[in-house]
2 protein chains.
Amino acid sequence: MAEKVTIATVARHARVSRQTVSNVLNAPHIVRQETRQRVEDAINALGYRANQAARQMRTGRSRLIAARIEPTRDGINGSVLDRFLHGLTETADAAGYRVLLYTATDDEREIATYGDLLGTYELDAFVLVGTKYGDPRTQWLADRDVPFVTFGRPWDALDAHPWVDVDGAAGTAQATRRLLDAGHRRIAFIGWPVGSGVGDDRRAGWRDTLHAAGVDPTGLHRETEDGIAEGERLMRDLLVAVAPSAVVCASDSLALGALQAIRGVDPSVSVIGFDDTPVAAAVGLTSVSQPLGEAAARCVDLLTGVLDGDHETPSPVLLQPSLALRHTA
Amino acid sequence: MAEKVTIATVARHARVSRQTVSNVLNAPHIVRQETRQRVEDAINALGYRANQAARQMRTGRSRLIAARIEPTRDGINGSVLDRFLHGLTETADAAGYRVLLYTATDDEREIATYGDLLGTYELDAFVLVGTKYGDPRTQWLADRDVPFVTFGRPWDALDAHPWVDVDGAAGTAQATRRLLDAGHRRIAFIGWPVGSGVGDDRRAGWRDTLHAAGVDPTGLHRETEDGIAEGERLMRDLLVAVAPSAVVCASDSLALGALQAIRGVDPSVSVIGFDDTPVAAAVGLTSVSQPLGEAAARCVDLLTGVLDGDHETPSPVLLQPSLALRHTA
DNA sequence: AGGCAGGATTGGATCGTTCAAGTTTCTGGA
DNA sequence: TCCAGAAACTTGAACGATCCAATCCTGCCT
């Protein structure tokens with residue numbers, strides 16, 4: 001068994017001091033070209049890799065980013081997180097960071113986990129997926145000057161932190177516009193109860209687009225918790241009450257329910273969902289697609305910006321969704 | 001800003017030496033009850049947490065487990081990995097380990113990543129999801145005595161390493177038996193091309209169950225790559241060729257395709273999928289459900305067994321799937 | 001009272017890296 | 001040729017935990 005290769009091994013091999021090797025790695029410009037080459041050759045020849053634990057001990061930085069993996073709630077939207085995490089891992093990797101997973105069942109436990117991760121692993125930053133009004137997590141992190149980014153904008157105007165989000169209103173607006181262009185006028189909306197930032201945003205895109213087109217949206221929308229059964233129930237209600245020719249939904253779950261409601265009653269009704277989940281792709285549901293890979297990449301960008309220098313809060317990023325056209329609209 | 005709490009701070013506060021604090025943490029039984037209590041009180045009062053980097057430097061162990069997050073291929077089966085990862089994170093957490101993510105586009109790059117992760121982060125172990133015949137990854141890890149577990153059994157009989165798997169044959173057998181009990185006799189199977197361990201296993205469960213029931217399975221099965229379109233195509237073919245009254249599929253994607261094929265032709269045909277993905281739940285598809293949380297937990301069990309003592313290779317674990325009954329069968 | 005065994009406690013060394021300060025080498029101008 | 005000043009490189013110390021070996025108690029026996 002070959003002995004462990006440390007910075008001292010490399011130094012001896014290249015006939016320089018440890019510090020010079022360290023400089024080649026961390027500040028190449030201050031080392032003479034010729035020396036640098038010799039050190040780099042030694043590094044390659046020996047297969048040396050800087051020990052992260054030792055580096056961390058001195059610098060206090062772990063090059064680790066924490067992300068939460070949630071229990072897939074209804075299952076359908078779970079894959080959104082999945083794709084986001086994949087993008088995050090990929091981009092973080094390229095920037096020299098690694099992603100560490102954690103779970104927590106509620107906000108309180110999640111905050112306790114923050115303390116644990118920061119204390120024992122000295123995590124460099126957190127990525128929070130999903131935010132709500134008065135989120136205690138962002139408050140806690142901000143109070144302690146822990147770098148973090150949220151995927152999802154802060155719905156309380158007051159706290160300003162770096163965030164990346166997808167413009168939900170633009171997504172539903174795009175969906176609504178497409179339906180208008182196809183000649184629809186009675187375009188309904190099935191969304192979430194008033195008060196959730198994301199839900200209100202998505203409804204606004206639909207409402208404003210109808211207004212702009214001179215269509216009165218009154219009575220054309222319904223609210224419920226997320227779920228297939230809920231979507232089906234509300235769609236039946238809408239069919240009876242206002243007989244819409246199309247419907248835009250705040251999620252693929254709701255849209256799937258709506259599809260089941262129209263089947264057998266009036267299959268000509270157009271349906272558009274939100275999130276472009278695998279389920280949508282599977283059943284041919286047209287859906288608003290979020291650029292998750294891009295979102296993840298921008299999260300990493302913001303974080304590395306904060307971590308590697310910039311002291312000022314970077315500007316937030318609002319990405320535009322696109323419409324994945326299939327045969328339901 | 002309060003200064004950093006180290007083991008020395010705790011020692012001073014509890015009026016003992018650093019070593020005693022360390023003993024309370026790592027070998028509580030050798031410390032007198034009264035002293036231990038005093039130290040624990042100090043730890044809680046100060047909110048002390050052992051610095052992982054420093055510990056790792058001395059012990060050479062990171063308490064980090066690596067898991068790969070794949071780009072969700074067709075999207076449908078992606079959530080299987082998602083749920084597995086969640087379980088892994090939860091169980092690892094309870095055992096004092098954390099999960100680090102990595103990605104790689106092919107085997108060669110994945111192996112390069114192993115070297116990197118081992119060299120810089122001194123990872124304790126790897127969890128590999130999915131294995132194939134002659135997998136170069138397991139070979140590489142085994143050659144270097146790196147602890148690892150695979151979720152998916154080794155299909156080459158030769159190499160023996162700890163693994164956890166779900167009995168696919170038992171799953172399809174259960175599905176087939178249910179269909180037989182319901183009176184079906186012409187039970188078809190849509191699976192993957194011969195040569196993939198998982199696919200052959202799932203087909204065997206169907207075939208053997210039919211044999212045992214005295215039904216000849218000849219001509220009742222079809223093979224293709226995974227995908228909804230492929231499933232639909234083969235189901236149409238089966239309907240024309242042998243007019244089955246039920247079909248068992250190797251995946252939910254294939255099953256979904258099959259469902260689309262029978263719709264309008266003969267909706268009375270029963271369909272059973274595999275993996276119990278969100279899509280199955282959404283469309284009411286009966287599907288074989290893998291105990292993913294349990295599988296993840298057993299993976300962690302095996303790893304901690306190897307890491308915390310046991311030098312002998314632990315015995316593999318084969319879990320039994322269950323049937324998630326919905327209205328397609 | 002003295003001695004002894006055994007466990008509990010202590011100080012010093014160590015892991016591999018980077019920081020801070022020191023020393024040598026090089027460069028160019030008088 | 002000499003020297004100032006910069007550039008290049010070297011040395012010692014520190015990060016915070018654990019391991020090791022030495023010392024200190026404590027209770028018990030003679």
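Throughout, a chain's letter reflects where its sequence line sits, starting with A, and its residues are numbered from 1.
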*Side chain of Ile7(A): nearest nucleotide among dT18(D), dT10(C), dT18(C)?*
dT18(C)
_Counting only side-chain nitrogens and oxygens, does Thr20(A) get under 4.0 Å of the OP1 or OP2 atom of dA8(D)?_
no
*Check: dG16(C) base within 3.5 Å donor-acceptor of Arg58(B) side chain*: no
*Answer yes or no for Arg68(B) and Tyr102(B): cation-pi contact, defined as NZ/CZ to six-membered ring centre under 6.0 Å and angle to ring axis within 45°.*
no
*Compare side-chain N and O positions of Asn51(A) against OP1 and OP2 of dC15(C) and report whether any pair is under 4.0 Å apart.*
no
*Is the shortest side-chain N to carboxylate O distance from Arg61(A) to Glu122(A) below 4.0 Å?*
no
*Distance below 4.0 Å between Thr6(A) side-chain N/O and dC15(C) OP1 or OP2*: no
*Below 6.0 angstrom between ring centroids: does that apply to Tyr114(A) and Trp140(A)?*
yes
*Atom CD of Gln56(B) to atom C1' of dT17(C): distance rounded to whole Å?*
13 Å
*Using a cut-off of strictly less than 4.0 Å, decide whether Ser22(B) has a side-chain nitrogen or oxygen near OP1 or OP2 of dA17(D).*
no
_Integer-rounded Å distance: dG7(C) P and Arg36(B) CZ_ = 16 Å
*Can you tell me the distance, in whole Å, between the CD1 atom of Ile30(A) and the C1' atom of dA21(C)?*
14 Å
_Would you say Ser17(A) places a side-chain N or O within less than 4.0 Å of OP1 or OP2 belonging to dT10(D)?_
yes
*To the nearest Å, how far apart are Arg55(A) CZ and dC15(C) P?*
19 Å
*Would you mind telling me which residue lines up with the more 5' stretch of DNA chain C, Arg15(B) or Ala54(B), judged by nearest nucleotide?*
Arg15(B)
*Indicate the ring-plane relationship of Phe151(B) and Phe84(B), choosing parallel, tilted or perpendicular according to the 30° and 60° boundaries.*
parallel
_Side chain of Thr59(A), heavy atoms from C-beta onward: which of dT18(C), dG16(D), dT9(C) has the nearest atom to it?_
dT18(C)
*Within the structure shown, what part of the strands sits under 4.0 Å from Ala53(B) by heavy-atom distance: base, sugar-phosphate, or nothing?*
nothing
_Side-chain N or O of Arg18(A) versus OP1/OP2 of dG12(D): is the shortest distance under 4.0 Å?_
no
*Does Gln19(B) make a side-chain donor-acceptor contact with the base of dC19(D), cut-off 3.5 Å?*
yes
_Whole angstroms only, please: what is the NZ-C1' distance between Lys4(A) and dC15(C)?_
8 Å
_Just the rounded figure in Å: distance from P of dC15(D) to CD of Glu122(A)._
13 Å
*Nucleotide dT18(D), atom C1' - distance to CE of Met57(B) in whole Å*: 11 Å
*Ionic contact status for Arg98(A) with Asp93(A), cut-off 4.0 Å*: yes
*Protein-nucleotide distance (Asn23(B), atom CG; dA8(C), atom P), rounded to Å*: 10 Å
